[in-house]
Amino acid sequence: MKLSKRYQPKEVEEKIYKRWEDSGLLQAKVNKSKKPFCIIMPPVNANGSLHVGHAVFITLQDIMIRHQRMRGKEVLWLPGVDHAGFETQVVFEKHLKKQGKTRFQYSAQQLYKMIWDFCQENSKLVKHQFKTLGCSCDWSREKFTLDKDIIDVVYQTFERMYRDGLVYRGKRIINWCPNHGTSLSDLEVKHKTVAGKLYYIRYPLVKEKDKYIVVATTRPETMLGDTAVAVNPKDKRYKALIGQTVSLPLIGRTITIIADKRIDTAFGTGAVKITPAHDPLDFEIGEDHQLEIINVINKQGVMTHQAGKIYAGLEEGACRDKILQELKQLNLLEKTEDYRHSLGVCYKCETPIEYLISEQWFLRVKALAEKAITVAQRKKIEFIPAYFKKTYLHWMKNIKDWNISRQIIWGIRMPIWYCKKCGATIVTRGEEPQTCPYCKGTELVREKDTFDTWFSSGQWPFASLIAQKNKRKSKHGIFEETSQDFHYFYPTAVMETGRDILFFWVARMIMLGLYATGKIPFRHVYLHGLVLDKDKQKMSKSKGNVIDPLGVAEIYGSDALRMALVFGTSPGRDIVISEEKIIAQKKFANKIWNATRFILLNNPATIENKTDFSQAIKIISPADQRILKGLQKTIDTVNKDLEQFKFHEAAQTIYHFFWHQFCDDYIEASKKQMDDPKEKENTQRILLYSLLSSLKLIHPFMPFISEEIYQHLPLKNKKKCLMVESWPQFKKKIK
RNA sequence: GGACGAUUAGCUCAGUGGUAGAGCAUCCGCUUCACAUGCGGAAGGCCGCAGGUUCAAAUCCUGCAUCGUCCACCA
């Protein structure tokens with residue numbers, strides 16, 4: 001067998017992937033005699049092609065999967081595609097915009113169909129890209145987050161939550177993005193520091209018209225909705241005023257001065273105007289003091305009729321100008337200061353968030369969070385790196401009810417109907433009710449809202465397993481029917497994902513998993529960082545510094561890219577990648593290739609016929625001693641590193657052993673040893689043995705080249721693929 | 001305002017109680033029959049600063065500085 005002088009990944013990779021696929025060895029089987037090892041792949045957004053961040057998770061998860069497979073575990077790496085509700089609709093709207101269109105030109109059904117097709121196209125592309133990068137996942141189990149059986153699971157969970165009183169519909173203050181026309185969860189609101197102004201406004205006392213209480217605000221237009229002024233009860237300046245009334249300027253409404261300890265005496269004047277309808281804190285204070293709620297701004301950012309005849313219909317900004325002018329004329333604007341403050345904006349389009357009262361569905365999370373805290377504290381779930389546990393616990397401890405309804409069409413529509421006759425709310429497991437169970441009314445209207453994507457993807461670990469074909473009745477958790485897969489593979493072993501979605505996704509999966517199945521969804525959470533370019537800049541299309549993983553794989557090979565992504569990185573930290581780094585690993589691939597060429601050129605048929613040539617190995621020379629000892633140490637180190645999720649360390653250990661110990665030292669020594677008839681055959685055995693062991697160690701990191709070489713090795717008891725060879729171990733200890 | 005992380009060779013980063021490591025870059029020498037995508041050799045660091053614990057600290061503790069990230073209702 002002759003190998004070309006240089007390693008040519010393009011000639012190898014596609015062929016090798018096909019070999020894995022055709023072998024059927026990627027498919028998991030429920031096998032009670034083996035220990036399961038399952039990773040649920042974070043479902044990839046179906047709204048674009050893979051970027052280098054995907055390549056990171058593919059590499060890390062494939063390393064774990066391939067390692068455990070070779071260790072003899074029954075592995076399942078379950079791939080998925082995410083409809084990614086809001087995110088996809090945003091991406092799709094950008095596409096429309098390029099064509100000079102908007103979402104308003106289409107009916108909900110039309111839009112849904114268009115986005116559906118868009119996602120289908122993307123998933124095909126993405127699937128091909130996964131294969132290019134060497135993902136050894138089980139394609140027969142691939143799921144889409146909008147598959148019917150997945151939606152069924154989500155509906156069952158929701159219906160159960162409704163019966164358990166965990167979800168409720170309420171008119172509460174929510175974050176509204178006027179651009180996207182939907183509510184957003186607190187996590188989807190980003191805070192940005194902006195240069196604004198702080199306006200000091202005089203509110204005249206009703207009793208003594210020439211006296212004022214001065215309030216400071218950044219949003220004077222909201223004063224039209226004020227229903228109180230609040231001061232801190234400990235604030236001596238205002239003690240006498242508590243309980244008194246003021247006349248709201250311009251409007252003349254009489255409102256009361258109340259005391260609330262949430263008011264900071266040091267800020268502004270220490271007196272705050274309270275607008276329950278348009279500020280989250282004011283809403284809370286309003287609830288506690290049972291203040292009236294007056295909506296003065298609508299979802300389009302326009303003043304409502306409740307703002308008063310003069311202001312109704314004005315845009316917010318115009319209204320602000322008008323009010324300021326009028327206050328000035330009345331000498332009620334005491335002063336204006338420049339003021340830098342943080343403004344809530346939509347995390348996607350940076351449009352300032354409008355805080356509004358709106359009827360939405362909420363999930364009560366406190367009780368769920370408590371359990372999610374306990375499993376982390378008791379180390380049922382462990383974080384890698386460990387410090388993320390603190391971040392996680394801090395978030396969980398301060399969690400607030402979660403707004404799970406969205407006013408977008410691309411998503412899972414909520415299984416809720418309202419009876420027109422009696423006004424009852426009917427929640428089902430997805431089936432459409434014919435009559436109202438309370439009044440037998442037949443006019444039922446379905447809720448238009450969809451779920452926050454994270455509400456359904458938070459159920460992904462169990463949903464993707466339950467929604468497999470091998471169904472069976474279950475007494476598990478809240479589901480009537482699950483699957484053999486679920487029983488065998490759940491809880492899963494590791495959740496590996498980006499640290500940027502710790503709260504969005506990981507935290508929710510833990511809460512929802514515990515609720516729905518009574519079990520943790522995974523034992524370990526491994527978080528990786530962002531991928532940065534060599535100048536430590538975030539990669540973005542606008543900066544033009546994006547590394548396209550597929551382009552790189554095309555030029556240097558997928559193995560080189562994968563190795564470069566783990567080399568010199570550590571868990572949780574940002575990953576700095578550069579072309580130089582990838583080239584270095586391409587050279588490593590070439591080194592492996594040429595070492596193999598040397599061995600095969602010097603490895604006559606005598607070795608091939610020995611069934612277990614490794615048993616016949618003897619230590620004759622000091623070089624023999626060094627290499628075998630080195631190999632043993634390498635195996636030990638790599639094992640330890642992989643157990644502790646130190647993939648970067650393992651990669652470097654293998655790299656160093658192969659290049660500097662095996663090639664530089666032993667192969668050089670072997671040239672002389674093979675001239676000596678007494679040592680020749682033994683040296684050949686050691687060469688082959690060391691190479692085979694190295695290939696096994698390298699395989700999880702660089703699967704293509706290691707598999708290709710394996711297929712060329714003259715071995716008697718050869719497995720169909722290196723992928724399912726046994727992980728190397730040393731039988732005899734070498735001192 | 002709070003939390004977390006970082007600070008190690010020119011660059012990008014590993015290491016985390018026991019004489020400082022890798023990749024890239026640099027310098028010198030090699031057309032040695034696996035590989036010039038290579039081989040041999042060299043240079044380069046009071047491991048952010050100041051204290052403390054220890055026989056021993058880059059590594060543990062305390063404080064500080066600088067950078068970064070996340071969280072947060074300062075109107």
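Just so we're clear, the structure is a prediction, and the values are computed from it rather than from any experiment. Below, chain A is the first sequence line, B the second, and so on; all start at residue 1.
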Would you tabulate the nitrogen or oxygen pairs shorter than 3.5 Å linking the protein to nucleotides 1-7 of chain B?
none

Quick one: which protein N/O atoms are closer than 3.5 Å to N/O atoms of nucleotides 60-64 of chain B? Pair and distance per line, please.
none

Would you tabulate the nitrogen or oxygen pairs shorter than 3.5 Å linking the protein to nucleotides 30-36 of chain B?
unit_1, atom_1, unit_2, atom_2, d
B:A34, O2', A:Asn594, OD1, 2.6
B:A34, O2', A:Arg597, NH1, 2.9
B:A34, N6, A:Glu668, OE2, 3.1
B:A34, N3, A:Asn594, O, 3.2
B:A34, N3, A:Ala595, N, 3.3
B:C35, O4', A:Asn594, OD1, 3.0
B:C35, O4', A:Asn594, ND2, 3.4
B:C35, O2', A:Asn590, ND2, 3.2
B:C35, O2, A:Lys591, NZ, 3.0
B:C35, N3, A:Lys591, NZ, 2.7

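Taken residue by residue, residues 219-239 of chain A places no heavy atom nearer than 4.0 Å to RNA chain B. Taking every heavy atom of residues 256-268 of chain A and every atom of RNA chain B, pairs under 4.0 Å involve A:Ile263, A:Asp264, A:Phe267, by number.
Legend: residues meeting side-chain hydrogen bond (donor to acceptor under 3.5 Å, both in side chains) with A:Asp500, ordered by chain and number and at least two apart, are absent. Shown here are the salt bridge (Lys or Arg N to Asp or Glu O under 4.0 Å) partners of A:Asp452, two or more places apart in sequence or in another chain: A:Arg406. When the salt bridge (Lys or Arg N to Asp or Glu O under 4.0 Å) test is applied to A:Asp260, the partners found at least two apart in sequence or on another chain are A:Arg262. The salt bridge (Lys or Arg N to Asp or Glu O under 4.0 Å) search around A:Arg499 returns A:Asp574, not counting sequence neighbours. Residues passing the salt bridge (Lys or Arg N to Asp or Glu O under 4.0 Å) test with A:Lys587: none are found, sequence neighbours excluded.
Where pairing requires Watson-Crick or G-U contacts shorter than 3.5 Å, the helical stems of RNA chain B with at least three consecutive pairs are B:1-7 with B:65-71, B:10-13 with B:21-24, B:26-30 with B:38-42, B:48-52 with B:60-64.
Screening residues 652-673 of chain A for salt bridge (Lys or Arg N to Asp or Glu O under 4.0 Å) gives A:Arg626-A:Asp665, A:Glu668-A:Lys671 as the qualifying pairs, with residues at least two apart or on separate chains.
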